[in-house]
Protein chains: 2
Amino acid sequence: MTDVAVYAGVSHQTVSRVLNDSPLVKEETRAKVLAAIELLGYRRNNAARMLATQRSGRIGMVSAHLILHGPSRIATAVQEAGHQAGYEVSLVSLPEFSADSLSRAVDRLLDEAVEALVVAVAHPAAREITRALRTPIPIVLAQGVVPGQSMAAGIDQVAGAVAATEHLLDLGHTHVAHVTGPLDWVEAGQRRDGWQLAHERRHLLPGPEVTGDWSPASGYAAGQRLVADPSVTAVFVANDDMALGVLRAFHEHGRRVPDDVSVVGFDDIPEAAYFWPPLTTVNQPFSLLGRRAMELTLQALEGESEAVATLLLPELRARASTGPAPS
Amino acid sequence: MTDVAVYAGVSHQTVSRVLNDSPLVKEETRAKVLAAIELLGYRRNNAARMLATQRSGRIGMVSAHLILHGPSRIATAVQEAGHQAGYEVSLVSLPEFSADSLSRAVDRLLDEAVEALVVAVAHPAAREITRALRTPIPIVLAQGVVPGQSMAAGIDQVAGAVAATEHLLDLGHTHVAHVTGPLDWVEAGQRRDGWQLAHERRHLLPGPEVTGDWSPASGYAAGQRLVADPSVTAVFVANDDMALGVLRAFHEHGRRVPDDVSVVGFDDIPEAAYFWPPLTTVNQPFSLLGRRAMELTLQALEGESEAVATLLLPELRARASTGPAPS
DNA sequence: ACGATTACTGTGAGCGCTCACATGCCTAGC
DNA sequence: GCTAGGCATGTGAGCGCTCACAGTAATCGT
């Protein structure tokens, strides 16, 4: 920086002003400085800047299972929203779901002097752990959100599951089976709750429940068990990947979809519309969620009072995999 | 840090030594310092450390289309390998494929003082742009790699495409149709080359070629065009997502897979084995690629001579979507 | 024509750490 | 008993930037 200053014939402070777009620098001087910067290939040293300003301009995000559709969409959306707000977003992904690995990830981010933390980990323990953190920075949850929680943005999983289940009940099915996700995920539990709630509201007994792990393979295994039960005419599967496995199991056993059995998924992955048959599913507004989470973060950063959780509404996408109950 | 030093009754330098695991500090003193750190909730200021050491311990990665399977797998693998080597990995994703957006992403990373750059962008221009960069840091390519290139790790797309095509020719098909990816992706071109090469080697004429954009929707559109051609008994599709669309188009037109027509995909996404029928496809060793790219990066960081590109071999996974040519 | 304002630019300290070096202490060797 | 050498610790400078403040020159009003 001194080099630039000398070359442009000004003081280091003037160079600093040019770099920070200060309005109090003469156009002519600015041009000289800019030219010197260009010529010398100068880049401002961010570490020094951070040290002097006591700010990092960085927001930390911790996420898990980035290979899955939902988490990866959320991470992308948060990152983009952060960039737009002029922040750098550091993403650390958890190798596994342990308290230990979470706190190591947070540690890592704290070392980078992040000014806020967005936690998108669907494990119920995530809430407690992050709450127990003794740091003054704002923490926003973007997954595994329960209603009424403060500083959190989520998608209403219960509402989505109710919509999916009701869609099937409306078609005349008397009960709906359910393939759950791993129940240590907040979302998996909430989708299961919604499925039960929809039955309760109509005074119906829910169909059988099988637990999966989000993977197509687990859906396939679940499907094979459901095939054995002839009373099952409708299945609500907790995500699209597992629904794919369920569809395959039904195909293999000659059960036609939707003639013999209807299937609904969750997530609306890009592939879902091209399954055979095209999958009725629940679309989640991930991009919106990312933006909302970032809004909350920025508000907190500006010292606004703690906002309450926002729950966004997912939306049913009816396709060919669901039809009236067989008579 | 001074606070800690005072509290522990030592000098700031001793605290620094404890923080850096220096062996020249007495066990007793170390314990005192550690206690003071714990009590005061002290965290070392990384910005100051970077400023003093002139090192950032950070590797930059630029990637595009993180929603797609391949790119996201590569990014995850690189990040993990970097962490294991004690580096922080900053990932910036490109909103689009322009030279401008690439150089902005690189700028962003250079601002963070990254010590090396991993570029995983499949666009041919990426190579030129990064090469033209006037920075002394090592740059490693992890996608869009052509053989013989230096400082790059890639997966041999041509070999994969040859394997896929030959698998079909071996089954007695006299020619294979091809659904390409967007041809401004290096990988899409290379898979197309491999498809042609396999035909040439057997002195056969390749079947029709349709261009897609990686999405299931584009695969579906391509499938509808291929259905119209009764001579098409085998299709090599440049990725699994498009293959899904192709399968659906065939289903809709009553063409049985694999009895009437065989389909091969590329990528081996987790869903592929559960398509209907299960999709024969080409598995790419993404995790290995990520590790390899990081190895190259670390070598370059240690000042080793420029290594030549590594090309990893993908592997055909034969499943039920391919069968003998109809007689 | 003078001080009061405005517009721009310069000065020096300090952010929190590590580096190179200086110092003090203890043990071993003769 | 004295010194050479190793171990443990302390000292001060400086990394590259921004902040608060102190100039200096040009402009204005009366």
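Chain identifiers are assigned alphabetically (A, B, ...) following the order of the sequence lines, protein sequences preceding nucleic acid strands; residue numbering begins at 1 within each chain. Values reported hereafter were calculated over all heavy atoms of this structure, with side chains retained and with hydrogens, waters and symmetry mates removed.
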Q. In this structure, are over 12 heavy atoms from other groups packed under 6.0 Å from B:Glu28 atom CD?
A. no
Would you say A:Thr29 reaches C:dT9's phosphate, i.e. side-chain N/O to OP1/OP2 under 4.0 Å? yes
Rounded to whole Å, the CG-C1' distance (A:Leu24 to D:dA20) equals 14 Å
Short side-chain N/O contact to D:dG10 OP1/OP2 from B:Thr14, under 4.0 Å: yes
For A:His83, the ring pair (Phe, Tyr, Trp, His ring centres under 6.0 Å) test, sequence neighbours excluded, returns none
Ring pair (Phe, Tyr, Trp, His ring centres under 6.0 Å) filter on A:His69, not counting sequence neighbours, yields A:Phe286
Applying ring pair (Phe, Tyr, Trp, His ring centres under 6.0 Å) to A:Trp214 and not counting sequence neighbours gives A:Trp185
The contact string for nucleotides 14-22 of chain C, one letter per nucleotide 5' to 3', using protein heavy atoms under 4.0 Å with B, S and - for base, sugar-phosphate only and none, comes out as BBBBBBB--
From NZ of B:Lys26 across to C1' of C:dG24 the rounded distance in Å is 12 Å
Across all chains, not counting sequence neighbours, the ring pair (Phe, Tyr, Trp, His ring centres under 6.0 Å) partners of B:Tyr87 are none
Residue pairs meeting ring-ring contact (aromatic ring centres under 6.0 Å, His included), one or both in residues 106-131 of chain B, sequence neighbours left out, come to B:Phe97-B:His123
